[in-house]
Amino acid sequence: MFRHNPCLLSLRNTQKKAKAEGTEGMVIIQAFVDEFGKVKETIILKGVPNSGLNQAAEKAIKAVDWIPAEHKGNNVGVWISLPINFKLN
């Protein structure tokens with residue numbers, strides 16, 4: 001869960017490039033969210049090579065202010081996996 005979602009703002013430049021090149025697809029990204037809600041590491045599980053979409057997905061995930069997971073009342077770091085679908089309209 002996230003507190004604030006700046007993903008749409010950070011993806012606007014990528015969207016312009018993608019439209020010009022006709023690029024779309026899905027990036028599945030794994031991220032480690034620490035006990036403070038910050039993304040510390042990302043891994044692309046499935047990407048779209050040479051498109052800029054993998055980098056856009058990483059940038060978007062890192063820009064989100066996540067709500068940390070809890071275990072027994074304490075904030076803990078966890079790995080999450082998310083699909084990010086880039087589709088042209």
Side-chain angles (χ1 to χ4, degrees):
M1 177 73 76
F2 53 84
R3 293 185 184 122
H4 177 295
N5 188 351
C7 291
L8 295 177
L9 295 176
S10 68
L11 296 176
R12 285 198 177 145
N13 288 340
T14 303
Q15 183 181 22
K16 290 176 187 176
K17 181 181 175 189
K19 277 188 178 181
E21 297 176 359
T23 305
E24 60 183 16
M26 181 172 33
V27 176
I28 299 176
I29 188 166
Q30 193 171 54
F32 183 77
V33 179
D34 72 8
E35 64 272 15
F36 302 107
K38 301 297 178 192
V39 172
K40 294 297 183 181
E41 188 175 347
T42 60
I43 300 169
I44 300 296
L45 299 177
K46 177 186 174 205
V48 183
N50 304 316
S51 65
L53 298 183
N54 296 350
Q55 293 82 359
E58 284 182 314
K59 184 177 179 180
I61 291 297
K62 288 180 177 179
V64 174
D65 189 15
W66 297 92
I67 296 173
E70 287 187 26
H71 180 69
K72 296 183 180 179
N74 296 314
N75 290 352
V76 295
V78 294
W79 282 95
I80 60 171
S81 296
L82 296 169
I84 301 178
N85 196 15
F86 294 91
K87 185 170 179 164
L88 299 173
N89 292 329

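If you read the sequence from its start, that first residue is 1, and numbering goes on from there.
With hydrogens and angles ignored, the 3.5 Å screen pairs a side-chain donor or acceptor of W66 with a backbone N or O of I61.
Tracing side-chain contacts under 4.5 Å through hydrophobic residues (I, L, V, M, F, W, Y), one reaches I80 starting from V39; they form part of the same cluster. Residues M26 and L53 do not share a hydrophobic cluster, defined by chaining ILVMFWY side chains whose heavy atoms lie under 4.5 Å apart. Hydrophobic clustering, with ILVMFWY side chains joined whenever heavy atoms are under 4.5 angstrom apart, keeps V78 apart from I43. Residues V48 and L82 share a single hydrophobic cluster, defined by chaining ILVMFWY side chains whose heavy atoms lie under 4.5 Å apart. Linking ILVMFWY residues whenever their side-chain heavy atoms come closer than 4.5 Å, directly or via other members, places V64 and I44 in the same cluster.
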Q.
With side-chain contact (heavy atoms from CB on, under 4.5 Å) as the criterion, how do K40 and V33 come out once you've worked through the C-alpha distance, each side chain's angles and the decisive distance to 0.1 Å?
A. CA-CA 6 Å; K40 294 297 183 181; V33 179; over 6 Å; no
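In plain terms, the two heavy atoms of A57 and V27 that are nearest each other are CB-CG1, 3.8 Å. Contact between N54 and G47 at its shortest, heavy atoms only, is OD1-CA, 3.2 Å. Taking each heavy atom of E24 and F86 in turn, the nearest pair found is CB-O, 3.0 Å.
Distance check, rounded to the nearest 0.5 Å: OG of S81 to CG of L45 gives 5.0 Å. Between K46 atom NZ and Q30 atom CD the span is 15.5 Å, to the nearest 0.5 Å. Note that the CD atom of E35 and the CD atom of E70 stand 12.5 Å from one another [nearest 0.5 Å].
Between I29 and I84, the closest side-chain pair of non-hydrogen atoms falls below 4.5 Å.
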